[in-house]
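Everything below concerns the one structure shown next.
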Amino acid sequence: MLVATFNINSINARLDFTLDFLAAWKPDLVCLQELKLDNATFPRLAFEAAGYRAVTHGQMQWNGVAVLGKLETLAGSEMELVQAGLPGQDAAGARLVTARALGLTITSVYVPNGKQVTHPDFRMKLAWLDALAEHFEKTLDPRTPAIVGGDFNLVPEDIDSYAPAAHAGHIFHTDAERERWKRILGTGLVDLFREKEPTTQAFSWWDYRAGAFHKKYGLRIDFLLGTRSVLERTERVVIDREFRKKRSNRIPSDHAPVIAEIR
DNA sequence: ATGTCCACTAGGAGTGGA
(Lines give C-alpha, C1' and ligand atoms only; values in the text may rest on other atoms or scores of the structure.)
Protein backbone atom coordinates (compact mmCIF):
# COMPACT_ATOMS: atom_id res chain seq x y z
CA MET A 1 0.00 0.00 0.00
CA LEU A 2 1.20 3.51 -0.85
CA VAL A 3 0.36 6.50 1.33
CA ALA A 4 1.27 10.03 0.26
CA THR A 5 1.11 13.64 1.32
CA PHE A 6 1.22 16.53 -1.12
CA ASN A 7 0.71 20.27 -0.67
CA ILE A 8 -0.62 21.04 -4.13
CA ASN A 9 -1.02 24.85 -3.76
CA SER A 10 -4.52 25.21 -5.20
CA ILE A 11 -6.64 22.44 -6.68
CA ASN A 12 -7.96 24.80 -9.33
CA ALA A 13 -4.47 25.71 -10.52
CA ARG A 14 -3.10 22.18 -10.13
CA LEU A 15 -5.88 19.70 -10.91
CA ASP A 16 -4.08 18.22 -13.93
CA PHE A 17 -0.84 18.09 -12.00
CA THR A 18 -2.55 16.35 -9.08
CA LEU A 19 -4.22 13.83 -11.36
CA ASP A 20 -0.83 13.23 -13.02
CA PHE A 21 0.58 12.41 -9.61
CA LEU A 22 -2.25 9.98 -8.87
CA ALA A 23 -1.81 8.30 -12.25
CA ALA A 24 1.96 7.99 -11.82
CA TRP A 25 2.09 6.61 -8.28
CA LYS A 26 -1.43 5.19 -7.89
CA PRO A 27 -1.29 5.83 -4.13
CA ASP A 28 -3.97 4.17 -2.00
CA LEU A 29 -4.36 7.03 0.47
CA VAL A 30 -3.34 10.65 -0.05
CA CYS A 31 -3.29 13.68 2.23
CA LEU A 32 -3.65 16.95 0.31
CA GLN A 33 -3.08 20.47 1.60
CA GLU A 34 -3.78 23.98 0.32
CA LEU A 35 -6.85 23.12 -1.72
CA LYS A 36 -7.76 26.84 -1.79
CA LEU A 37 -11.44 26.14 -2.38
CA ASP A 38 -14.48 25.20 -0.33
CA ASN A 39 -16.20 21.82 -0.07
CA ALA A 40 -18.94 22.83 -2.50
CA THR A 41 -16.48 23.60 -5.32
CA PHE A 42 -14.11 20.66 -4.75
CA PRO A 43 -13.97 18.81 -8.10
CA ARG A 44 -15.30 15.53 -6.76
CA LEU A 45 -16.28 14.23 -10.17
CA ALA A 46 -12.76 14.66 -11.55
CA PHE A 47 -11.35 12.66 -8.65
CA GLU A 48 -14.07 10.02 -8.94
CA ALA A 49 -13.22 9.70 -12.63
CA ALA A 50 -9.58 9.25 -11.66
CA GLY A 51 -10.61 6.52 -9.22
CA TYR A 52 -10.53 8.40 -5.93
CA ARG A 53 -12.98 9.34 -3.21
CA ALA A 54 -12.29 12.47 -1.18
CA VAL A 55 -13.02 13.55 2.36
CA THR A 56 -12.48 17.32 2.42
CA HIS A 57 -12.37 20.24 4.79
CA GLY A 58 -12.11 23.29 2.59
CA GLN A 59 -12.67 27.02 2.69
CA MET A 60 -12.70 29.75 0.09
CA GLN A 61 -9.37 31.22 -1.05
CA TRP A 62 -6.93 29.74 1.48
CA ASN A 63 -5.95 26.56 3.28
CA GLY A 64 -8.16 23.51 2.85
CA VAL A 65 -7.20 19.86 3.38
CA ALA A 66 -8.37 16.51 2.08
CA VAL A 67 -7.83 12.78 2.36
CA LEU A 68 -8.19 10.75 -0.83
CA GLY A 69 -8.89 7.03 -0.93
CA LYS A 70 -8.46 4.91 -4.03
CA LEU A 71 -11.79 3.35 -4.95
CA GLU A 72 -10.15 0.12 -6.12
CA THR A 73 -8.46 -0.33 -2.74
CA LEU A 74 -11.51 0.69 -0.73
CA ALA A 75 -13.37 -1.98 -2.70
CA GLY A 76 -16.74 -0.80 -1.50
CA SER A 77 -15.65 -0.20 2.11
CA GLU A 78 -16.39 3.15 3.68
CA MET A 79 -14.08 6.11 4.02
CA GLU A 80 -15.70 8.18 6.72
CA LEU A 81 -15.09 11.66 8.03
CA VAL A 82 -13.91 11.54 11.64
CA GLN A 83 -12.90 15.15 12.26
CA ALA A 84 -13.09 18.37 10.22
CA GLY A 85 -11.07 21.19 11.75
CA LEU A 86 -8.74 21.29 14.75
CA PRO A 87 -10.93 21.84 17.84
CA GLY A 88 -10.73 25.39 19.17
CA GLN A 89 -8.76 26.61 16.17
CA ASP A 90 -11.47 27.47 13.65
CA ALA A 91 -10.22 31.07 13.39
CA ALA A 92 -6.94 29.77 11.92
CA GLY A 93 -8.79 28.31 8.92
CA ALA A 94 -9.46 24.83 7.51
CA ARG A 95 -6.26 22.99 8.37
CA LEU A 96 -7.10 19.50 9.62
CA VAL A 97 -9.24 16.64 8.43
CA THR A 98 -9.27 13.08 9.71
CA ALA A 99 -10.75 10.11 7.91
CA ARG A 100 -11.12 6.46 8.78
CA ALA A 101 -10.44 4.00 5.97
CA LEU A 102 -8.97 0.53 5.49
CA GLY A 103 -8.84 -0.04 9.24
CA LEU A 104 -6.69 2.97 9.99
CA THR A 105 -7.05 6.60 10.89
CA ILE A 106 -5.48 9.14 8.55
CA THR A 107 -5.19 12.87 9.15
CA SER A 108 -4.18 15.62 6.72
CA VAL A 109 -2.79 18.75 8.34
CA TYR A 110 -1.66 22.16 7.14
CA VAL A 111 0.15 24.01 9.90
CA PRO A 112 -0.01 27.83 9.83
CA ASN A 113 3.05 29.40 8.21
CA GLY A 114 3.70 32.03 10.88
CA LYS A 115 5.29 34.54 8.52
CA GLN A 116 8.06 35.86 10.85
CA VAL A 117 8.90 35.19 14.49
CA THR A 118 8.00 38.81 15.27
CA HIS A 119 4.63 38.63 13.47
CA PRO A 120 1.43 37.97 15.46
CA ASP A 121 0.82 34.95 13.19
CA PHE A 122 3.85 33.23 14.73
CA ARG A 123 2.15 33.09 18.15
CA MET A 124 -0.94 31.80 16.38
CA LYS A 125 1.20 29.09 14.74
CA LEU A 126 2.60 27.95 18.10
CA ALA A 127 -0.89 27.92 19.62
CA TRP A 128 -2.11 25.81 16.70
CA LEU A 129 0.75 23.32 17.17
CA ASP A 130 -0.04 23.15 20.92
CA ALA A 131 -3.69 22.49 20.09
CA LEU A 132 -2.66 19.76 17.62
CA ALA A 133 -0.55 18.03 20.28
CA GLU A 134 -3.46 18.24 22.75
CA HIS A 135 -5.84 16.88 20.12
CA PHE A 136 -3.60 13.85 19.46
CA GLU A 137 -3.08 13.31 23.19
CA LYS A 138 -6.86 13.04 23.52
CA THR A 139 -7.81 11.20 20.35
CA LEU A 140 -4.86 9.22 19.01
CA ASP A 141 -4.32 5.69 20.30
CA PRO A 142 -0.61 4.94 19.76
CA ARG A 143 -1.34 1.19 19.85
CA THR A 144 -3.47 1.39 16.73
CA PRO A 145 -2.44 2.13 13.14
CA ALA A 146 -2.68 5.85 12.51
CA ILE A 147 -1.08 8.09 9.90
CA VAL A 148 -0.69 11.85 9.81
CA GLY A 149 0.43 13.52 6.61
CA GLY A 150 0.97 17.16 6.05
CA ASP A 151 2.80 20.41 5.62
CA PHE A 152 4.10 21.31 9.08
CA ASN A 153 5.90 24.49 8.04
CA LEU A 154 8.83 23.68 10.33
CA VAL A 155 12.26 22.09 10.05
CA PRO A 156 12.73 19.39 12.74
CA GLU A 157 16.52 19.22 12.59
CA ASP A 158 19.40 21.07 10.94
CA ILE A 159 19.78 18.32 8.33
CA ASP A 160 16.31 19.22 7.05
CA SER A 161 17.38 22.72 5.98
CA TYR A 162 19.70 23.87 3.19
CA ALA A 163 21.09 26.61 5.43
CA PRO A 164 20.50 25.81 9.08
CA ALA A 165 23.10 28.20 10.44
CA ALA A 166 21.92 31.18 8.41
CA HIS A 167 18.32 30.53 9.44
CA ALA A 168 18.87 29.59 13.08
CA GLY A 169 16.20 31.25 15.19
CA HIS A 170 14.24 32.36 12.14
CA ILE A 171 10.88 31.12 10.91
CA PHE A 172 10.65 27.31 10.45
CA HIS A 173 13.95 26.94 12.37
CA THR A 174 13.12 28.05 15.92
CA ASP A 175 13.42 26.10 19.17
CA ALA A 176 9.78 27.01 19.89
CA GLU A 177 8.62 25.19 16.73
CA ARG A 178 10.90 22.22 17.37
CA GLU A 179 9.63 21.86 20.94
CA ARG A 180 6.07 21.60 19.58
CA TRP A 181 7.24 19.10 16.95
CA LYS A 182 8.69 16.88 19.68
CA ARG A 183 5.51 17.18 21.72
CA ILE A 184 3.47 16.06 18.70
CA LEU A 185 5.77 13.07 18.13
CA GLY A 186 5.46 12.37 21.86
CA THR A 187 1.78 11.53 21.40
CA GLY A 188 2.88 8.29 19.74
CA LEU A 189 4.02 9.22 16.25
CA VAL A 190 7.29 8.90 14.37
CA ASP A 191 8.62 10.70 11.29
CA LEU A 192 8.57 7.80 8.82
CA PHE A 193 11.07 9.34 6.40
CA ARG A 194 13.65 10.09 9.09
CA GLU A 195 13.21 6.64 10.68
CA LYS A 196 13.97 4.96 7.36
CA GLU A 197 16.59 7.49 6.21
CA PRO A 198 18.48 8.57 9.35
CA THR A 199 21.23 10.44 7.51
CA THR A 200 19.66 11.39 4.17
CA GLN A 201 19.21 15.06 3.41
CA ALA A 202 16.09 15.45 1.27
CA PHE A 203 13.85 18.45 0.86
CA SER A 204 10.11 18.67 0.18
CA TRP A 205 9.71 22.42 -0.42
CA TRP A 206 11.57 25.05 -2.44
CA ASP A 207 10.57 28.71 -2.67
CA TYR A 208 9.20 29.77 -6.04
CA ARG A 209 11.41 32.85 -5.85
CA ALA A 210 15.08 33.38 -6.60
CA GLY A 211 15.54 30.10 -8.46
CA ALA A 212 15.53 28.23 -5.16
CA PHE A 213 14.78 24.81 -6.67
CA HIS A 214 17.70 24.87 -9.07
CA LYS A 215 20.01 26.20 -6.37
CA LYS A 216 18.86 23.36 -4.10
CA TYR A 217 17.68 25.88 -1.50
CA GLY A 218 15.10 23.59 0.04
CA LEU A 219 13.57 22.53 3.32
CA ARG A 220 11.98 19.29 4.51
CA ILE A 221 8.70 20.51 5.99
CA ASP A 222 6.26 17.88 4.66
CA PHE A 223 5.94 14.68 6.64
CA LEU A 224 4.25 11.35 6.88
CA LEU A 225 3.97 10.40 10.54
CA GLY A 226 2.85 7.02 11.79
CA THR A 227 2.30 5.10 14.97
CA ARG A 228 4.70 2.26 15.82
CA SER A 229 2.61 -0.36 14.08
CA VAL A 230 2.76 1.69 10.90
CA LEU A 231 6.52 2.12 11.17
CA GLU A 232 6.96 -1.62 11.59
CA ARG A 233 5.20 -2.14 8.27
CA THR A 234 6.92 0.72 6.40
CA GLU A 235 9.20 -0.51 3.64
CA ARG A 236 10.47 2.81 2.30
CA VAL A 237 9.71 6.51 2.18
CA VAL A 238 10.60 8.76 -0.75
CA ILE A 239 10.20 12.40 -1.69
CA ASP A 240 9.52 12.61 -5.39
CA ARG A 241 11.19 15.87 -6.45
CA GLU A 242 10.27 15.18 -10.09
CA PHE A 243 6.87 16.65 -9.21
CA ARG A 244 8.52 19.93 -8.25
CA LYS A 245 9.52 20.33 -11.90
CA LYS A 246 7.38 21.73 -14.71
CA ARG A 247 5.42 19.03 -16.52
CA SER A 248 4.24 19.80 -20.06
CA ASN A 249 4.88 23.48 -19.32
CA ARG A 250 2.49 23.41 -16.39
CA ILE A 251 3.66 25.13 -13.22
CA PRO A 252 4.32 22.82 -10.29
CA SER A 253 3.44 23.33 -6.64
CA ASP A 254 6.26 24.68 -4.51
CA HIS A 255 6.12 21.35 -2.62
CA ALA A 256 7.03 17.82 -3.68
CA PRO A 257 4.99 14.80 -2.58
CA VAL A 258 6.16 12.38 0.11
CA ILE A 259 5.27 8.73 -0.46
CA ALA A 260 5.52 5.76 1.92
CA GLU A 261 5.21 2.11 0.99
CA ILE A 262 3.52 0.23 3.81
CA ARG A 263 2.97 -3.52 3.87
C1' DA B 1 17.52 37.42 0.43
C1' DT B 2 13.86 37.24 -2.85
C1' DG B 3 14.54 36.68 -9.68
C1' DT B 4 7.34 33.60 -8.16
C1' DC B 5 2.78 31.98 -7.93
C1' DC B 6 -2.10 32.02 -6.39
C1' DA B 7 -6.73 34.00 -5.15
C1' DC B 8 -9.79 37.81 -4.51
C1' DT B 9 -11.94 41.97 -6.06
C1' DA B 10 -13.16 43.84 -10.35
C1' DG B 11 -13.96 44.32 -14.64
C1' DG B 12 -7.46 46.18 -14.64
C1' DA B 13 -3.99 46.03 -11.53
C1' DG B 14 -3.32 46.02 -6.62
C1' DT B 15 -3.16 43.35 -2.38
C1' DG B 16 -2.42 39.64 0.88
C1' DG B 17 -0.53 35.12 1.66
C1' DA B 18 2.98 31.79 1.09
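Throughout, protein chains are lettered first and strands after them, A, B, ... in sequence-line order, and every chain is numbered starting at 1.
Rounded to whole angstrom, the span from the NZ atom of A:Lys36 across to the C1' atom of B:dC5 amounts to 7 Å. Rounded to an integer number of Å, the gap from A:Asn7 CG to B:dG17 C1' is 13 Å. Atom-to-atom, CD of A:Gln59 to C1' of B:dG16 comes out at 14 Å; the value is rounded to the nearest Å. Here the P atom of nucleotide B:dA1 and the CG atom of A:Asp207 are 12 Å apart, to the nearest Å. Nucleotide B:dG17 holds its P atom 20 Å from the CD atom of A:Gln33, rounded to whole Å. Atom pair A:Ile11:CD1 and B:dC6:P shows a separation of 13 Å (rounding to whole Å applied). The distance from atom CZ of A:Phe172 to atom C1' of B:dA1 is 15 Å, rounded to the nearest whole Å. Atom CD of A:Gln61 is separated from atom P of B:dC5 by 19 Å (rounded to the nearest Å).
For B:dG3, its base sits under 3.5 Å from the side chain of A:Lys215 at one donor and acceptor pair at least.
Under 4.0 Å is where a charged nitrogen must lie from a carboxylate oxygen, and between A:Arg244 and A:Asp254 no such pair does.
Side-chain atoms of A:Lys115 lie closest to B:dA18 of the nucleotides B:dA18, B:dT2, B:dA7. The side chain of A:Arg95 lies closest to B:dA18 when the candidates are B:dT4, B:dA18, B:dA1. Considering only the side chain of A:Arg209, B:dT4 comes nearest among B:dT4, B:dA1, B:dA7. When distances are taken from the side chain of A:Trp62 to each of B:dG17, B:dA18, B:dG3, the shortest belongs to B:dG17. The listed nucleotides are B:dC8, B:dT4, B:dC6; the one nearest the side chain of A:Met60 is B:dC8. If you check B:dA7, B:dT4, B:dA18 against the side chain of A:Tyr208, the one that comes closest is B:dT4.
Cation-pi geometry between A:Arg220 and A:Phe203 is not satisfied (NZ or CZ under 6.0 Å from the ring centre, within 45° of the ring normal).
B:dA7 and B:dG12 have their C1' atoms separated by 15 Å, given to the nearest Å. With C1' as the reference atom, B:dA13 and B:dA1 are 26 Å apart, rounded to whole Å. Comparing the P positions of B:dT15 and B:dA10 gives a spacing of 14 Å, expressed to the nearest Å.
In A:Arg263, the CZ atom is crowded: over 12 heavy atoms of neighbouring residues, nucleotides or ligands sit closer than 6.0 Å.
A:Tyr110 comes within 4.0 angstrom of the backbone, heavy atoms only, and of no base. At the heavy-atom level, A:Asn12 lies under 4.0 Å from the strands shown only through sugar-phosphate atoms. Contact annotation for A:Phe17: no contact, since no heavy-atom pair falls under 4.0 Å across all strands.
For the pair A:His135 (side chain) and A:Ala133 (backbone), a donor-acceptor distance under 3.5 Å is absent. Side-chain atoms of A:Arg194 come within 3.5 Å of backbone atoms of A:Thr200 as a donor-acceptor pair (strictly under, hydrogens ignored).
One finds a side-chain N or O of A:Arg14 lying less than 4.0 angstrom from the OP1 or OP2 phosphate oxygen of B:dC6.
Remark on DNA chain B: of its neighbouring residues A:Pro112 and A:His167, the 5'-side contact belongs to A:His167, judged by nearest-heavy-atom nucleotide.
Using a 30° and 60° split on the angle between ring planes, A:Phe17 and A:Phe243 fall in the perpendicular class, above 60°.
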